[in-house]
Amino acid sequence: MRILLTGGAGFIGSHTAVEMAQNGHEIVILDNYSNSDESVLERLEKIIGSPVIFEEGDIRDYDRLYEVMEKHHIEAVVHFAGLKAVGESCAMPIEYFDNNVAGTVTLLRAMKALNIKKLIFSSSATVYGVPQYLPLDEKHPLSSTNPYGRTKLHIEEILRDVAASDPEWSIVCLRYFNPIGAHASGLIGENPRGIPNNLLPYVARVANGQLKAVQVFGSDYETPDGTGVRDYIHVVDLAYGHVCAVNYSANHQGWVAINLGTGIGYSVLDIIRAYEKACGKPIAYQLVDRRPGDVAANWADPKLAKELLGWEAKLSLQDMCESSWKFQQSC
Ligand code: NAD
Ligand code: UFG
């Protein structure tokens, strides 16, 4: 299929571009580079081995979206573009609702005008709020504790209404758990601007000497070693999940939300140990207070993805840390 990847220059979008191209899809990337840059193009072309179509543009710009999708005869959209920092969303809720929610509505308007009715949306495990039980399956009640999470919840609801309005729509909301790691080539990965908010990029920068020590947020949780537990998933596995979702959308209509996770929880200290093994040196860390808003543990029930998409995560925590380290050394 000819697929538009909004936000395709970013961390998950760039890995998905590779998997899509390697599985026979034609891709067009649209990005405003607010959290990425054009250098990823060259790296993608090196991995894929052929030219990649990049269009600079903003998902809030209807005319630009219409023009790009019409020009490239787009048949399906994978929608990654959005802002994603929880803390920033509390300080800038208007920007988050504008970019994520209004941007998605603009995208839907342009898709509808062009009769493009297949959409895969980047949702998040954040829509489960504070877990009432584990593992988290798709029937778990939804809630959110911050504006970023609310943008994902609102968008899921909007998409559900859109699918209900017209049986031709096929909409898959993929609820990602914690994507980490990098492509095996070491050419693309996660390299956030400034001090990283997320654990893995922080650990990677301690490993290469850019930062001094990992602050472990909380060591008194009710978890096996007292530190927070998450379902870390290799970004390449996650990216392949989008290929499966696009293939699913080719012969299924309606709306569905599907977890993409491994079903395994690792603690912060497990991650630090695995990274030490990957980079061959000790990672300094300090146990500090809990980070406000964090939950003790969450991990996915990944059964629905297997059942509907035939997808399951294959790569190990060690693969995640080794690929991250390989990429980090090239930054
Ligand atoms: P990222 O910031 O690396 O990628 C997002 C891309 O979207 C960037 O290249 C950015 O420049 C672009 N973008 C942002 N606003 C845009 C706009 N208005 N118009 C066009 N392009 C725009 O983030 P990521 O980690 O690759 O996340 C991709 C998606 O997955 C996001 O929607 C995010 O909320 C969601 N998600 C991410 C995680 C995670 O831990 N990384 C977890 C759950 C869900
Ligand atoms: N952590 C630390 N030190 C750090 C950063 C994180 O100890 O410097 C801990 C956190 O307390 C948590 C774990 O590492 O226990 C993971 O934290 P991240 O910030 O990497 O990830 P979160 O689980 O908080 O959230 C991420 C994304 C969200 C997304 C969610 C999906 O940031 O946007 O995964 O489950 F919604």
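Model, not experiment: these values are computed from the prediction. Order of listing sets the numbers, starting from 1, for every ligand and every atom in it.
- Here the protein heavy atom with the shortest distance to atom 25 (O) of ligand 1 is Lys84 NZ, 2.8 Å.
- For atom 12 (C) of ligand 1, the nearest protein heavy atom (residue, atom name, distance) is Asp31 OD1, 3.3 Å.
- Proximity to Ser36 (heavy-atom distance under 4.0 Å) selects the following atoms of ligand 1: 8 (C), 9 (O), 11 (O).
- The shortest contact between atom 4 (O) of ligand 1 and any protein heavy atom is with Gly10 CA, 3.4 Å.
- Close to ligand 1: Asp58, with a non-hydrogen atom less than 4.0 angstrom away.
- Listed by chain and number, the residues in a ring-ring contact (aromatic ring centres under 6.0 Å, His included) with His234 amount to none (sequence neighbours excluded).
- Considering only non-hydrogen atoms, atom 15 (N) of ligand 1 lies nearest to Asn99 out of Thr104, Asn99, Asn100, Thr151.
- The nearest non-hydrogen atom to atom 38 (C) of ligand 1, considering only Gly8, Gly149, Pro179, Ala85, comes from Pro179.
- Paired with Arg230 under the rule side chain to side chain contact (heavy atoms under 4.5 Å, CB included), one option of Val268, Ile271, Ile264, Val295 passes, and it is Val295.
- The closest approach between a heavy atom of Lys152 and any atom of ligand 1 is below 4.0 Å.
- Counting atoms of ligand 1 from 1 in the listed order, those under 4.0 Å from a heavy atom of Tyr33 are 11 (O).
- Between the side chains of Thr262 and Tyr232, no donor-acceptor pair is found at a separation under 3.5 Å.
- A distance-only check finds a donor-acceptor pair linking the side chain of Arg150 to the backbone of Ser144 [under 3.5 Å].
- Of all atoms in ligand 1, numbered sequentially from 1 with element shown, those under 4.0 Å from a heavy atom of Ile59 are 17 (C), 18 (N), 19 (N), 20 (C).
- Here the rule is side chain to side chain contact (heavy atoms under 4.5 Å, CB included) with Leu4, and of Ile29, Leu30, Val78, Ile27 only Leu30 fits it.
- Of the protein's non-hydrogen atoms, Asn32 OD1, 3.1 Å is the one closest to atom 22 (C) of ligand 1.
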What donor-acceptor contacts under 3.5 angstrom involve side-chain atoms of residues 300-311, with partners at least two apart or in another chain?
unit_1: Asp301; atom_1: OD1; unit_2: Lys303; atom_2: N; d: 2.9
unit_1: Asp301; atom_1: OD2; unit_2: Lys303; atom_2: NZ; d: 3.2
unit_1: Lys306; atom_1: NZ; unit_2: Glu312; atom_2: OE2; d: 3.1
unit_1: Trp311; atom_1: NE1; unit_2: Asp237; atom_2: O; d: 3.0

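- Under the 4.0 angstrom criterion for non-hydrogen atoms, Gly57 is in contact with ligand 1.
- The protein heavy-atom contact nearest to atom 5 (C) of ligand 1 is Gly82 O, 4.0 Å.
- Each of the atoms 10 (C), 11 (O), 13 (N), 14 (C), 15 (N) of ligand 1 lies under 4.0 Å from some heavy atom of Ser34.
- Between Arg160 and Glu157 there is no salt bridge, since no side-chain N of the basic residue sits under 4.0 Å from a carboxylate O of the acidic one.
- The ring-ring contact (aromatic ring centres under 6.0 Å, His included) test applied to Phe121 returns His79, not counting sequence neighbours.
- On a distance-only criterion, Ala9 and ligand 1 share no N/O pair closer than 3.5 Å.
- The backbone of Ser123, and not its side chain, has at least one atom closer than 4.0 Å to an atom of ligand 1 (non-hydrogen atoms only; backbone = N, CA, C, O).
- Looking only at protein heavy atoms, the nearest one to atom 34 (O) of ligand 1 is Tyr148 OH, 2.7 Å.
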Check ligand 2 against the protein and report each N/O to N/O distance under 3.5 Å, formatted as atom name, atom name, distance.
unit_1: ligand 2; atom_1: 3 (N); unit_2: Gln215; atom_2: O; d: 2.7
unit_1: ligand 2; atom_1: 7 (O); unit_2: Gln215; atom_2: O; d: 3.4
unit_1: ligand 2; atom_1: 7 (O); unit_2: Phe217; atom_2: N; d: 2.8
unit_1: ligand 2; atom_1: 11 (O); unit_2: Asp294; atom_2: OD2; d: 2.5
unit_1: ligand 2; atom_1: 17 (O); unit_2: Arg291; atom_2: NH2; d: 3.4
unit_1: ligand 2; atom_1: 19 (O); unit_2: Asn198; atom_2: ND2; d: 3.0
unit_1: ligand 2; atom_1: 19 (O); unit_2: Arg291; atom_2: NH1; d: 3.4
unit_1: ligand 2; atom_1: 19 (O); unit_2: Arg291; atom_2: NH2; d: 2.8
unit_1: ligand 2; atom_1: 20 (O); unit_2: Asn198; atom_2: ND2; d: 3.4
unit_1: ligand 2; atom_1: 20 (O); unit_2: Leu199; atom_2: N; d: 2.9
unit_1: ligand 2; atom_1: 21 (O); unit_2: Asn178; atom_2: ND2; d: 3.2
unit_1: ligand 2; atom_1: 23 (O); unit_2: Asn178; atom_2: ND2; d: 2.9
unit_1: ligand 2; atom_1: 23 (O); unit_2: Arg230; atom_2: NE; d: 2.7
unit_1: ligand 2; atom_1: 24 (O); unit_2: Arg291; atom_2: NH2; d: 2.9
unit_1: ligand 2; atom_1: 32 (O); unit_2: Asn198; atom_2: ND2; d: 2.8
unit_1: ligand 2; atom_1: 34 (O); unit_2: Asn178; atom_2: OD1; d: 3.4
unit_1: ligand 2; atom_1: 34 (O); unit_2: Asn178; atom_2: ND2; d: 3.4
unit_1: ligand 2; atom_1: 35 (O); unit_2: Asn178; atom_2: OD1; d: 3.1

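- Looking from atom 37 (C) of ligand 1 to the surrounding protein, the closest heavy atom is Ile12 CD1, 3.7 Å.
- For ligand 1, the atoms closer than 4.0 angstrom to any heavy atom of Ser122 are 29 (C), 30 (O), 32 (O), 35 (C).
- For Tyr96 and Asn146, the side-chain atoms include no donor-acceptor pair closer than 3.5 Å.
- Taking a cutoff of 4.0 Å between a charged side-chain nitrogen and a carboxylate oxygen, Asp137 and Lys139 do not qualify as a salt bridge.
- From the protein, the heavy atom lying nearest to atom 28 (C) of ligand 1 is Phe80 O, 3.6 Å.
- A donor-acceptor pair is defined here as one N or O able to donate and one able to accept, closer than 3.5 Å; no such pair exists between the side chain of Arg205 and the backbone of Leu211.
- Salt bridge status for Glu88 with Arg193: absent, with no side-chain N to carboxylate O gap under 4.0 Å.
- A donor-acceptor pair under 3.5 Å is formed between the side chain of Glu138 and the backbone N or O of Asn259.
- For Asp289, the CG atom counts as loosely surrounded, since its 6.0 Å shell holds 12 or fewer non-hydrogen atoms of other residues, nucleotides or ligands.
- The backbone N or O of Val229 lies less than 3.5 Å from no partner atom in the side chain of Ser267, so there is not a single donor-acceptor pair.
- With ring centers used as reference points, His183 lies 6.0 Å or more from Phe327.
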